[in-house]
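Worksheet: one structure, shown below.
Counting starts at 1 for both ligands and their atoms, following the listed order. All values below were derived from every heavy atom in this structure, side-chain atoms included, with hydrogens, water molecules and symmetry-related copies excluded. Quick caveat: nothing in here was measured; it's all calculated off a predicted structure.
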Amino acid sequence: MERPLVEGFHHLTVLRDEVVRALEPRSGGVYVDATVGGGGHAEALLEAAPGARLVAFDRDERAVEASRERLARFGERVTIVHGRFGDVAQWLASAELPAVDGLVADLGVSSPQLDDATRGMSFRSEGPLDMRMDTREGETALELIARLEVDELADVIYQLGEERRSRRIARCIHQALEADQLTTTLDLRRAVVRAVGPARIGGVDPATRTFQALRIAVNRELDELTTLLAALPTVIAPGGVAALISFHSLEDRPVKRAFVDRDTWERLSKKPVLASLEEAAANPRSRSAKLRAARRVSA
Ligand SMILES: C[S@@+](CC[C@H](N)C(=O)[O-])C[C@H]1O[C@@H](n2cnc3c(N)ncnc32)[C@H](O)[C@@H]1O
């Protein structure tokens, strides 16, 4: 059981030992945690190699605070950056750091982001329609909805939520907006239910895909991933390892594609690494996790 961090910040790290096995951190090595969150992978890597250094990124201020507290005991071995992983190459260059020995990215959202109603990412509790991971920048979900035409909103819900009923849903969301009945997460859920009914399909709430789509769009999650994947060959030194954990096919597909180039990458396993039965039983979120790792081949 992991201990709670900054009050209210509790995230169970997924595939923790598997990430350490993939990166094999060594004393003197420099590593990047692109998504430090509560600091679970970061801590495991720093513990595994007492002389290793780590640069950790997160775009969420609360994750930065929580991980600073958890990783404080590692002192100067760790640098925590409040920023996007899409900027990792520029950050390392401006810090005059050479390519690193390994990088982990544990994509998507953390449990505290979902559990904190004020973030507006969950349909389970009432909160503002915000959904931004970094509240310093960008449009909120409500601003995004208000800016998009119905067809554009339907495309977002279809493409990023893989939701077949996207047109109907987008129309109902816009009707709610025009009637001044779209301010909170529960208003959004109600609009989706008006469009498709309350039935849970396969145990999944009818609003799940719409919320996922809007969150991915608000945070430009796939653009960030594309930028990170393009930067990996520069960021990782020959012999170093990149390990990415994805939670849905929109993330997993580009990760899989990025490692296909055999001149650049040697995959550590052909199939993605999945959570063990024990982990899946203890942490339902781990059931959809896929870890793909590859070693940067020498030129
Ligand atoms: C699944 S959590 C990471 C949990 C962490 N590995 C742990 O064990 O505690 C994902 C984290 O990635 C962050 N994140 C998502 N997209 C990001 C991006 N483009 N740049 C930086 N951080 C990002 C989120 O804010 C969130 O804190």
- Query: For atom 5 (C) of ligand 1, what is the nearest protein heavy atom, given as residue, atom name and distance?
  - Reply: V36 O, 3.4 Å

- In the protein, what heavy atom is nearest to atom 15 (C) of ligand 1, and what distance, to one decimal place, separates them? M133 SD, 3.3 Å

- Item | Per-atom contacts, ligand 1 versus G83 - under 4.0 Å to a heavy atom | 20 (N), 21 (C)

- Task: Examine ligand 1 and decide if any of its atoms is less than 4.0 Å from a heavy atom belonging to S67.
- Result: no

- Task: Determine the sole option in L182, D187, V150 for which the side-chain contact (heavy atoms from CB on, under 4.5 Å) test with I173 is passed.
- Result: L182

- Message: Centroid separation under 6.0 Å, is that true for the rings of F211 and F123?
- Response: yes

- Message: If I take atom CZ from residue R209 and atom CD1 from residue I169, how far apart are they, to the nearest 0.5 angstrom?
- Response: 9.5 Å

- Starting from atom 4 (C) of ligand 1, which protein heavy atom do you reach first, and at what distance in Å? D106 OD2, 3.3 Å

- Query: Where the closest heavy atom to atom 25 (O) of ligand 1 is concerned, which of D58, N219, V81, L225 has it?
  - Reply: D58

- What part of Q113 sits under 4.0 Å from ligand 1 if we count only heavy atoms: the side chain, the backbone, both or neither? side chain

- Check whether any side-chain N or O of E24 sits under 3.5 Å from a backbone N or O of R21 as a donor-acceptor pair, and report yes or no. no

- Could you tell me which atoms of ligand 1, counted from 1 in the order shown, lie closer than 4.0 angstrom to a heavy atom of D60? 25 (O)

- Item | Where ligand 1 meets H11 - atom numbers and elements under 4.0 angstrom, heavy-atom basis | 1 (C), 4 (C), 7 (C), 9 (O)

- Query: Relative to Y31, does R53 satisfy both conditions: NZ or CZ under 6.0 angstrom from the six-membered ring centre, and within 45 degrees of the ring's axis?
  - Reply: no

- Item | Top protein contact for atom 23 (C) of ligand 1, by heavy-atom distance | R59 CD, 3.6 Å

- For L107, take its heavy atoms, then give the atoms of ligand 1 lying under 4.0 Å from any of them. 1 (C)

- Message: With a cutoff of 4.0 Å, is G108 in contact with ligand 1, counting heavy atoms of the residue only?
- Response: yes

- Task: Report the nearest protein non-hydrogen atom to atom 20 (N) of ligand 1: residue, atom name, distance rounded to 0.1 Å.
- Result: F85 N, 2.8 Å

- Query: Would you call A34 a ligand 1 contact, heavy-atom distance under 4.0 Å?
  - Reply: yes

- Message: So, taking the atom named CD in E149 and the one named CG in D151, what distance separates them when rounded to the nearest 0.5 Å?
- Response: 8.0 Å

- Message: Counting only heavy atoms closer than 4.0 Å, does ligand 1 sit against the backbone of H41, its side chain, both, or neither?
- Response: both

- Message: Looking at D60 and R119, is there a salt bridge between them, counting it only when a charged N and a carboxylate O are closer than 4.0 Å?
- Response: yes

- Message: Counting non-hydrogen protein atoms only, what is the nearest one to atom 9 (O) of ligand 1? Give residue, atom name and distance.
- Response: G38 N, 3.0 Å

- Query: atom 8 (O) of ligand 1: which protein heavy atom is closest, and how many Å away?
  - Reply: T13 OG1, 2.7 Å

- Item | Interatomic distance, L97 atom CG to L92 atom CG [nearest 0.5 angstrom] | 5.5 Å

- Does R285 have a non-hydrogen atom less than 4.0 Å from ligand 1? yes

- Counting N and O atoms only, with roles assigned by atom type, does the side chain of R295 sit under 3.5 Å from a partner on the main chain of G240, one being a donor and the other an acceptor? no

- Item | Gap between atom OG1 of T35 and atom CZ of R59 - 0.5 Å precision | 11.5 Å

- Message: Can you tell me how far apart CG (D155) and CG (L160) are? Round to the nearest 0.5 Å.
- Response: 9.5 Å

- Hey, does V109 come in under 3.5 Å of ligand 1, counting only N/O atoms on both sides? no

- Task: Run the contact test for E43 against ligand 1 with a 4.0 Å cut-off on heavy atoms, strictly below, and give the result.
- Result: no

- Item | Top protein contact for atom 19 (N) of ligand 1, by heavy-atom distance | E224 OE1, 2.8 Å

- Task: Please say which of L107, V19, V255 ends up in a side-chain contact (heavy atoms from CB on, under 4.5 Å) with I245.
- Result: V19

- How many angstroms lie between atom CD of E279 and atom CG of L274, to the nearest 0.5 angstrom? 10.5 Å

